Amino acid sequence: MLSGILVFNQKGENLIFRSFRSDCRPRLADIFRIQVISNPQVRSPILTLGSTTFSHVKHENIYLVAVTKSNANAALVFEFLYRLVMLGRSYFGKFDEEAVKNNFVLIYELLDEILDYGYPQNTETDTLKMYITTEGVRSAIANSATDSSRITMQATGALSWRRSDVKYRKNEAFVDVIEDVNLLMSATGTVLRADVNGQIVMRAYLSGTPECKFGLNDRLLLDGDSAGGSGGGSGSSSFGGGGVVTGNRDGTTKATRAAAGSVTLEDCQFHQCVKLGRFDADRIISFVPPDGEFELMRYRATENVNLPFKVHPIVREVGTTKVEYSVAIKANYSSKLFATNVVIRIPTPLNTAKTTERTSQGRAKYEPEHNNIVWKIARFSGGSEYVLTAEATLTSMTHQKAWSRPPLSLSFSLLMFTSSGLLVRYLKVFEKSNYSSVKWVRYMTRAGSYEIRF
Amino acid sequence: MAMSRIRGAFAVPRKGETFELRSGLVSQYAYERKESIQKTIMAMTLGKDVSSLFPDVLKNIATSDLEQKKLVYLYLMNYAKSHPDLCILAVNTFVQDSEDPNPLIRALAIRTMGCIRVDKMVDYMEEPLRKTLRDESPYVRKTAAICVAKLFDLNPAMCLENGFLEMLQEMIGDPNPMVVANSVTALSEIYHAAPETQALKVTTNTLRKLLMALNECTEWGRVTILTTLAEYKTTEVTESEHICERVAPQFQHANPSVVLAAVKVVFLHMRNVKPELASNYLKKMAPPLVTLVSSAPEVQYVALRNIDLLLQKQPDILNKELRVFFCKYNDPPYVKFQKLEIMVRIANDRNVDQLLAELKEYALEVDMDFVRRAVRAIGQVAIKIESASEKCVNTLLDLINTKVNYVVQEAIVVIKDIFRKYPGYEGIIPTLCKCIDELDEPNARAALIWIVGQYAEKISNAGDILAGFVDGFNEEFSQTQLQILTAVVKLFLKRPEKAQGLVQKVLQAATAENDNPDVRDRAYVYWRLLSNTSNPGATKDIVLSEKPPIVTTIHSLPPALLEQLLTELSTLASVYHKPPEQFVGQGRFGADAVQRAAIEEQIQNARENPLAAAAAAAAVTGSAPPAQSQNNVENLLDIDFDGTAPASAQKEPSGGMSGLEGLAGTPVRVESPAAGAPAGSNNLDDLLGVFGDGGAAAPASSSGGADLMNGFAGLDLSGNGTTSPPPGGNQPKKTNEDIMSLF
């Protein structure tokens, strides 16, 4: 597997060099610097020189490089590098050159723990943080044998993601449904591609070892339900927060279904705490959650995507010296809701000299460094429609080169709205001590890559 | 404070730094010693040689501070080789630590011991390793399991004598899933390094244990177990069914590498199960594969390359998913190119309209390379889907009308291919001819000239067009010159009255004033054909003969290679679409060894006898008998590899695949030992081994003569079929022709 992990800064200085096998020699660092960092033409993230393969990802201003001499599992290598980035971010806030330089001892310690002989071991942030910490206090915990046994039990146990002795006075669970809606619309206004990448993030503050069951208005599950009849115990599912109340499974299943319809999820991916076998058999999401915040699942939906915004751009190139814009944007959701931080980026040609804009709402500004007119609307209520008209004056160029017309893009966030129509139906918590727990759910839709060609 | 000091270590080295470090390492204050160790490690990272501090660092090994211990161990791992004698001083601490009450320290000790590659250390490893393998803490056991693999790498005999392999095999039944995963990892590593040990043998019993551990261990452990399951060959249908059933839920895992590993297992075991069941699994596989396309770009790239492989085997699994492969504006180029290829693969008559609209959009972007590929993709679609050919041609015409130079050129090259599949689009020829002046690339010019020649009877001014090219004949690239020659001859055969003078002129230019042998030869061939008065029809039959239509222009891997790569899903081999032995260096047959020998020989060869080298290269392409190895050679020569292949290939002649080119010339070299490299026969054997068939060359080597003629005599022998291997039936003859043409 991996022979070594290297970290470089943008200048190609080697910040971290950890070899796991004898075939990873220091001169490999020079080779990578010469062949990749100082070579502007390299485009592939994988590079084989002789029989040494360098796989790299770039994060902030550092390169993370995995070196291997074997026919390694490429997907695993990249996934591991990204996991390393994630670990770095959770340890240092920001994982950049500065952080690496200031914490190189800790990084060596981490690498020693998460890779053994080039094979990835436990990479769960929560567990690692128990015995590898930024503070000096760690030694006190890790040095006492009993604590260490507990830590190592967790690091290797079947529930490697959870301590067994968690205690809360008030048992609460927060569920955030966050959807990124992707849109690609052609210049003629047809939707080329619209889909939703959703994630469900949970913050669990629950005592003991709770067994949770989680239900969505997933079409396959609901169909299964109506066929098999509803059963199961009554969990304490009192959803509050944000005003959305979803009924529990016994009473209001049918009502919810009629109101919300059901959603077809193309594909779901679960946190490793979810029992995949059960989901595969009867689509029940059942798990023992880690303590604190984690991403419970990710999903994809492509049918019946509700697009929160309709954008209608008209862009006219007048001669070679002027471009006229007229962009209308309409909110396509209930007037009770409002989107925040709506930003529309309207590309301008590279040789734009100056622009003039007028908007019916919000502010528009030309950003020469990005070749964009940026139109910001802080609060966008449902049902309303706003217009921007602008004009870009171009400098004449000796060599006329066609403008590539990059797509117009949108970013926004919209609370209590899911593009896919997904709803949380219930979250049930079972624990030995049988405590009651409070659960909250929140929905949000953001723009993923929301692009409109013109 | 400490922070700024650490940062200070990155500054320019001061004079006497080693001295300063040394005095810090032996300081009476613990914090100063620790800080000096940190600085030493920092210096080590920067590539400075701090091995002279070895004794001083070693003094700090006995400490209760875990962090400091780890740093000292890190230093030891790096420099143990330079001070093997001093390492003995550390042994005691290691052995003690391996019995520490704290499991973290026990694991740390055994983990580090395995990384200190010094014989003396290995001698002391036996006892601690045996103990830790039976440790009560799973954390220590899982670390010890990996350590067995480390020991095997250092000293296989000792590993076998002490029965560590058997201990590991028992550990597959460990109650802790992570121990199971690491034991499998270690066993599989040992097994692949030395297959004769039979280290990892999956039986029905171990299979059950693996499947049980699969659902409980970490994501990385799952990948290991899944990879092992994929390599396992089942004998019974029920067993395959069972594996598929247990593995399929892993499609839903959040980690893309687990998903790909699961796809691999199911894809390979699916062949044994009932077709209905298999098609069910294929359906289940599609959504997770699509989801991979929304991961990080590098992971996406790996996924896309793998999807490409899967599609070549099962073309219809992603039929309805065209849209997800649409390129985003900010996708990195390597992702975009791969998406284009996949879109063409899943194109069918239902989604073709959508695809064409999208491709046209790409063709209007500014990245030249991407635009060219988009145009090429339109051509591939046209040839793949007959019903869409007209739309494709219209799209291409639209693109030609944009007058963007490189778009026009690429479009013309593509249209030439379309003509070769579908006659009946001659109507667009005038439009094409209008662009003649804009074409400056030999490829595009050659394509257009081919079209003019092919349809000479329908183009009224074909003579004038070609006359223009003939006038500048000597300024053209040889590729274009060849096409001009052919086109003029075709014109002459179709309308002799118009091209009499032209044909004489061009033949004159090609034979008398040209120094490219290919062009000259072709001109002579035409000349003789044309001057053959005894059978005037023959020339027409030859030059204007019906060409076989093109079936597809989509690049596909040969079936044998594809089968091999499917067993390598998700590995580097699947990303490169090349068998692993071509880029992995391990053991005698490793790419490293082969490459070195090949380069050395080629250099030697070229120096001593350039002609022989060329002959050898030409001969081997003809005489390498099995289809498999032949296309290996092709692969090796195919350096560019869609631009996604190792950039090294283009930039560093001594590294990467370009070095492997030498392979093409090497095996035959056996025939003329006089030019033999000092590398010796051992290496040559290796080279033959790589090709999997020494048969063609070995008998020839018996002729053993030093000079060139003897070498050819050897070839002749094999050419006459006395020793020629069966599949090469008509190949050797060709070889002879090749060689003849060299004279």
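Throughout, protein chains are lettered first and strands after them, A, B, ... in sequence-line order, and every chain is numbered starting at 1. Since the structure is predicted, the reported quantities are computational estimates derived from the model, not experimental observations.
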Q. So which of B:T112, B:T218, B:I146 has the biggest tally of heavy-atom pairs under 4.5 Å with chain A?
A.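 The residue among B:T112, B:T218, B:I146 with the greatest pair count is B:I146.
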Which answer fits [X], side chain, backbone, both or neither, if we ask what part of it has an atom under 4.5 Å from a heavy atom of chain A?
X      : result
B:P333 : side chain
B:C147 : neither
B:T143 : both
B:N306 : neither
B:M77  : side chain
B:R246 : neither

Q) How long is the span from the OG atom in B:S294 to the CZ atom in A:R298, to the nearest 0.5 Å? A)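 It is 7.5 Å, given to the nearest 0.5 Å.
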Q: Would you give the length of the straight line joining atom CG of A:D112 to atom CG of B:L108, rounded to the nearest 0.5 angstrom?
A: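 If we round to the nearest 0.5 Å, A:D112:CG and B:L108:CG are 6.5 Å apart.
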(Q) So that I can tick it off, tell me whether B:K150 and A:D116 are bridged by a salt bridge, with the cut-off set at under 4.0 angstrom between side-chain N and carboxylate O. (A)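 Counted as a salt bridge, because a side-chain N and a carboxylate O are separated by less than 4.0 Å.
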Q. Is A:D195 paired with B:R323 through a side-chain N to carboxylate O contact shorter than 4.0 Å?
A.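 No, no charged N to carboxylate O under 4.0 Å.
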Q. With A:F17, which residues qualify under ring-ring contact (aromatic ring centres under 6.0 Å, His included), at least two apart?
A.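 Partners of A:F17 by the ring-ring contact (aromatic ring centres under 6.0 Å, His included) criterion come out as none, since no residue qualifies.
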Q) Which residues pass the ring-ring contact (aromatic ring centres under 6.0 Å, His included) test with A:Y119, sequence neighbours left out? A)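 In terms of ring-ring contact (aromatic ring centres under 6.0 Å, His included), with neighbours along the sequence ignored, A:Y119 is linked to no residue.
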Q. Cut-off 3.5 Å, side chains only: do A:D280 and B:Q252 have a donor facing an acceptor?
A.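 On atom types as modelled, these side chains do not qualify, holding no pair under 3.5 Å.
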(Q) Counting only non-hydrogen atoms closer than 4.5 Å, does A:R405 touch chain B with its backbone (N, CA, C, O), its side chain (CB onward), both, or neither? (A)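 Answer is neither: A:R405 stays 4.5 Å or more from chain B.
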